[in-house]
Amino acid sequence: MIEDTTSADPAKPATVAQRGTIETRQVTIDGQLLQVAIRHGDGSGPPLLLFNGIGANWELARPFLEALTDTTAIIFDVPGVGGSPKPAWPYRPSTLARLAAELVAELGYGEVDVAGVSWGGGIAQQFAHQFPKRCRRLVLAATAPGFTMVPASPSVLWKMATPRRYTDKGYMKSIAADIYGGAFRDDPSLIGRHAAAMHGARSMGYFYQLLAMTGWTSLPWLWSLPQPTLVLMGRDDPLVPPVNGQIMASLIPNATLHLIDDGHLFMVTRPAETAGLIEAFLADESREAAPASLLSRTTSYLRDLVPTSGGGHQKP
């Protein structure tokens, strides 16, 4: 149920005046209130559903959203983060994928392109696997295949263990270069602007996000993803070493790897470049879904018969 909306209908082509604007809504899905932001495009293709990083409110993606030209984009605060209240119970990636699928259906869309950044890249992979008929194309940015990833150094992981960087802007400024790398090493003003956009991170919400990914991995089924996939990685990413992108691109049948000369948050520090790469990929009509093998078709058939954890089976 959409509780608070403007007059714009995201499933209809935006007017000239609406294009490029970002609208926020509060939408209730299965009893969970979600803070949703919609960047209105020209309506020429499926919207881009974007999953943000751990502890990140949607506003942190604003530079990227504003850099898009034609694409409609949908992003929401994960329960317990930003403007979305804490959920009643912990959740799994399959639960969030189902929640997102029901959200886009509530907004009037049957098919979406899906992108995920860092922690959100895991949810994007899960969505593409769980709802293959609803996901046309997949973009994985600065992310990894779950707990089986090639990890960051212990010092970086320790700094990521709590949401303190989201609540203490001074602490954020002191560690940003170490955990994000890239442009944050050379331009302190970037750290200030990024920290200024942070709000709403709560300890329990952050803990739920960490818990959701405990034991989760996509390695057993990456080979079965049929979607054309763009894997974007920063060359200087202390948090998610770029070798993780190489692993995913080698396992996904129809994947392309692109390395960006920046760190973990290249979507924030290089929004125009990143938006241009993604929109070119989404508009490339030569990219088609990979033919499904017999094993892949059998796996998909069995998945449709048996609901996944969290009730995340695909609906017709």
Side-chain angles (χ1 to χ4, degrees), residues 48-54 64 92-94 96-97 100 112-132 134-153 156-157 160 180-182 209 212-267 270 273-274 277-278 280-282 284 287-293 295-296 299-300 303 308:
L48 179 66
L49 173 65
L50 177 61
F51 294 100
N52 219 342
I54 189 168
F64 170 75
R92 296 295 291 166
S94 58
L96 281 186
V112 291
D113 294 321
V114 177
V117 185
S118 192
W119 180 92
I123 310 302
Q125 293 170 66
Q126 179 67 40
F127 187 103
H129 173 62
Q130 193 168 324
F131 299 100
R134 298 186 187 181
C135 178
R136 186 185 72 115
R137 297 192 178 189
L138 179 63
V139 179
L140 303 175
T143 192
F147 83 94
T148 50
M149 69 179 287
V150 177
S153 69
V156 170
L157 293 175
M160 291 289 294
Y180 296 137
Q209 285 188 284
M213 286 299 182
T214 301
W216 179 90
T217 179
S218 59
L219 279 184
W221 44 258
L222 282 178
W223 61 270
S224 70
L225 294 182
Q227 299 89 355
T229 302
L230 176 63
V231 181
L232 299 173
M233 304 295 292
R235 292 184 186 274
D236 177 25
D237 187 343
L239 189 56
V240 183
V243 66
N244 289 286
Q246 296 170 356
I247 292 170
M248 291 188 299
S250 68
L251 293 175
I252 299 172
N254 197 6
T256 299
L257 173 66
H258 185 93
L259 296 177
I260 295 177
D261 291 322
D262 208 330
H264 187 68
L265 294 184
F266 53 80
M267 293 185 75
R270 294 177 178 243
E273 177 183 345
T274 308
L277 287 169
I278 290 175
F281 166 72
L282 297 180
D284 184 359
R287 302 295 299 267
E288 298 180 355
S293 66
L295 180 57
S296 178
T299 302
S300 178
R303 183 172 58 239
T308 59

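Numbers here are sequence positions counted from 1.
A pairwise comparison of heavy atoms in P241 and A152 identifies CD-N, 4.2 Å as the closest pair. In terms of heavy atoms, V114 sits closest to C135 at CG2-SG, 3.7 Å. Scanning both residues, A142 and D237, for their nearest heavy atoms gives CB-OD2, 3.9 Å. In terms of heavy-atom proximity, L239 sits nearest to M149 at O-CE, 4.1 Å. The two residues D236 and P238 have their closest heavy-atom pair at O-CD, 3.4 Å. Scanning all heavy atoms of the two residues, the minimum distance from F51 to G120 falls at CB-O, 3.4 Å.
When side chains are defined from C-beta on, V139 does not count as touching L277, because their heavy atoms never get closer than 4.5 Å. Put simply, the side chain of S224 reaches to within 4.5 Å of the side chain of H129, judged on heavy atoms. Residues V117 and L50 form a side-chain contact, since some pair of their non-hydrogen atoms from C-beta on lies under 4.5 Å apart. The shortest distance between side-chain heavy atoms of R134 and L49 does not fall below 4.5 Å. Within the 4.5 Å cutoff, no side-chain heavy atoms of S218 are placed close to those of Q126. Side-chain contact between N254 and Q227: absent, with no pair of heavy atoms (C-beta onward) separated by less than 4.5 Å. Residues F127 and L138 have side chains not in contact (no heavy-atom distance under 4.5 Å, counting atoms from C-beta outward). Residues M213 and I54 have side chains not in contact (no heavy-atom distance under 4.5 Å, counting atoms from C-beta outward).
Judged by distance alone, the side chain of T256 and the main-chain N or O of L230 form no donor-acceptor pair under 3.5 Å. Side-chain atoms of Q130 come within 3.5 Å of backbone atoms of S94 as a donor-acceptor pair (strictly under, hydrogens ignored). Here the side chain of R92 pairs a donor or acceptor atom with the backbone of T214 at under 3.5 angstrom. Q125 places a side-chain N or O within 3.5 Å of a backbone atom of A144 that can act as its donor or acceptor partner.
The side chain to side chain donor-acceptor pair (under 3.5 Å) pairs that include a residue from residues 239-251 number zero, where partners must be two or more places apart or lie in different chains.
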Note to self: As a quick check of understanding, evaluate side-chain contact (heavy atoms from CB on, under 4.5 Å) for M233 and V243, giving each step before the final call.
What the structure shows: CA-CA 9 Å; M233 304 295 292; V243 66; over 6 Å; no
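Ionic pairing of D113 and R137 is not present here: no N-O contact between side-chain nitrogen and carboxylate oxygen is shorter than 4.0 angstrom.
Applying the side chain to side chain donor-acceptor pair (under 3.5 Å) criterion to R270, with sequence neighbours excluded, gives D262, E273.
Separation of atoms CG (L257) and CE (M248) is listed at 8.5 Å; rounding is to 0.5 Å. Atom CH2 of residue W119 and atom CG of residue N52 lie 9.5 Å apart, to the nearest 0.5 angstrom. One distance of note links CG of L265 with CZ of F64; it measures 13.5 Å at 0.5 Å rounding. Taking CD1 of I260 as the reference point, atom OG1 of T274 lies at 4.0 Å (rounded to 0.5 Å).
Considering T229, I247, I252 as possible partners of L222, the one that fulfils the side chain to side chain contact (heavy atoms under 4.5 Å, CB included) test is I252.
Taking the six-membered ring for Trp and thresholds of 30 and 60 degrees, Y180 and H264 have nearly parallel ring planes, at less than 30 degrees apart.
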